[in-house]
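Take a look at the structure set out below.
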Amino acid sequence: MPPPSLAPPSVRPARDALLRWFARHARDFPWRHDRTPYRVLVAEAMLQQTRAETVVPYFERWMRALPDLHALARAGPDTVLRLWEGLGYYRRAHALRRAAQEVVHERGGRFPDQEAELRTLPGVGPYTAAAVAAFAFGRAAIAIDGNVRRVGARLLADPAPRDADLRAHLAPLLPARAPGRTTEALIELGATVCRPTSPRCDLCPLASVCSGRMYGRPEAFPAAGRRSPPRTRRRYAALHLNGDRLWLIRRPEGGLLAGLWGPPQQEEPPPGRFLPEVAHRYSHFALRLTPVVATPGAPPPPPPDGGDGAWCDPATVAELPLSTVDRKVVALARDAGLLTVLPSRP
DNA sequence: AAGCCGGGGTG
DNA sequence: CACCCAGGCTT
């Protein structure tokens, strides 16, 4: 039996309450101004699996450096990665650059304005396609992200709702004008009120139509998924120095930290002087990395698969895109007196 | 369907 | 520690 939450008699008040709540409580993010397709696409790419507050400074810096689609299409991979450095999931940055090149060079600069077309761009999946269609082009689409899924699961009291069920249930909330506001409002609601833990049902404009709340346990929905236990990897970062130049390699495409530079890593301890271990937790494994200062004159390992490798002076180290862990390693090397200049982020 | 892909905030 | 975040891609 379908839940009564959004049956015809209550759908209009619920929709009005949701949109009124959003008009009053929406946070002010830079991507909510000047919603061009380019700005929306960049924002949605950065926001994938990343908290909105984290994205703000990255988005503003990106827009200053690459203000439009053509600027991005012309930019090199290191420029893009440097602007992305610290956001993680670096495939997003490569895909965003390829998407810009595709629109500029294969679509004559005409941005796709429908979900199905958008979906063909690299890095654009079901959520982002719907979000760009709704936010930038005013399409009546509901983009389902983690927030919308949680809000919908609680409204339905369904521990694992299918996307089609969520769309069918939430579609009545779409207003005739500015339908993109509905997705925005549901996302905002999920982020600030219908939170994963300790939801604030007392502040929720949809509380009166929420089955999860009626059953008394809104936080039980959606049900938590199974997680594989994290594994620990021990590795060694080889610091090869030539004067104050440091040997860095570029990581190959497709894998971890794709396209980023860093000291070469290996599983066996190399000869040399050990520096303090750096611990870092990734989403699916834990890394214990020990930097080792290689014996002076020892030949550095060649770059992987014919990729790039270079002797980098401190200024270059500061400019190339490095992962957070490798920044820590370089900082250790600096503190040990091996490098002269502080590598800093832009 | 499940694994891979970063980093950080929060309880 | 745990979970999760304006997900997408690959197998």
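The chains referred to below are lettered A, B, ... by the order of the sequence lines, with proteins before strands, and numbering in each begins at 1.
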[X] has an atom [atom1]; how far is it from atom [atom2] of [N], in whole Å?
X: A/Arg281; N: B/dC5; atom1: CZ; atom2: C1'; value: 16 Å
X: A/Leu257; N: B/dC5; atom1: CG; atom2: C1'; value: 9 Å
X: A/Tyr89; N: B/dC5; atom1: OH; atom2: C1'; value: 5 Å

Reckon [X] touches a base, only the sugar-phosphate, or nothing at all at heavy-atom distances under 4.0 Å?
X: A/Thr183; result: nothing
X: A/Thr197; result: nothing
X: A/Val148; result: nothing

One thing to verify: whether A/Arg110 and A/Glu117 come together as a salt bridge, which I'm taking to mean a side-chain N less than 4.0 angstrom from a carboxylate O.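 Looking at A/Arg110 together with A/Glu117, the answer is yes, because their closest N to O distance falls below 4.0 Å.
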Range on DNA chain C touched by chain A, heavy atoms, distance below 4.0 Å: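 In short, chain A contacts DNA chain C from C/dC1 to C/dC9.
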Both A/Asn147 and A/Leu121 contact DNA chain C. Taking the nearest nucleotide for each, which residue is further toward the 5' end?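 The answer here is A/Asn147.
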Closest nucleotide among B/dG8, B/dG6, B/dC5 to the A/Thr324 side chain: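 Side chain of A/Thr324 sits closest to B/dG8.
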Is it the case that B/dG6 (base atoms only) and A/Thr50 (side chain only) share a donor and an acceptor within less than 3.5 Å, ignoring hydrogens and angles? yes
Quick one: does NZ or CZ of A/Arg231 land under 6.0 Å from the six-membered ring centre of A/Phe285, within 45 degrees of the ring axis?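 Not flagged: A/Arg231 not positioned over aromatic ring of A/Phe285.
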Suppose we call two aromatic rings close when their centres sit under 6.0 Å apart. Are A/Phe59 and A/Trp31 close by that rule? yes
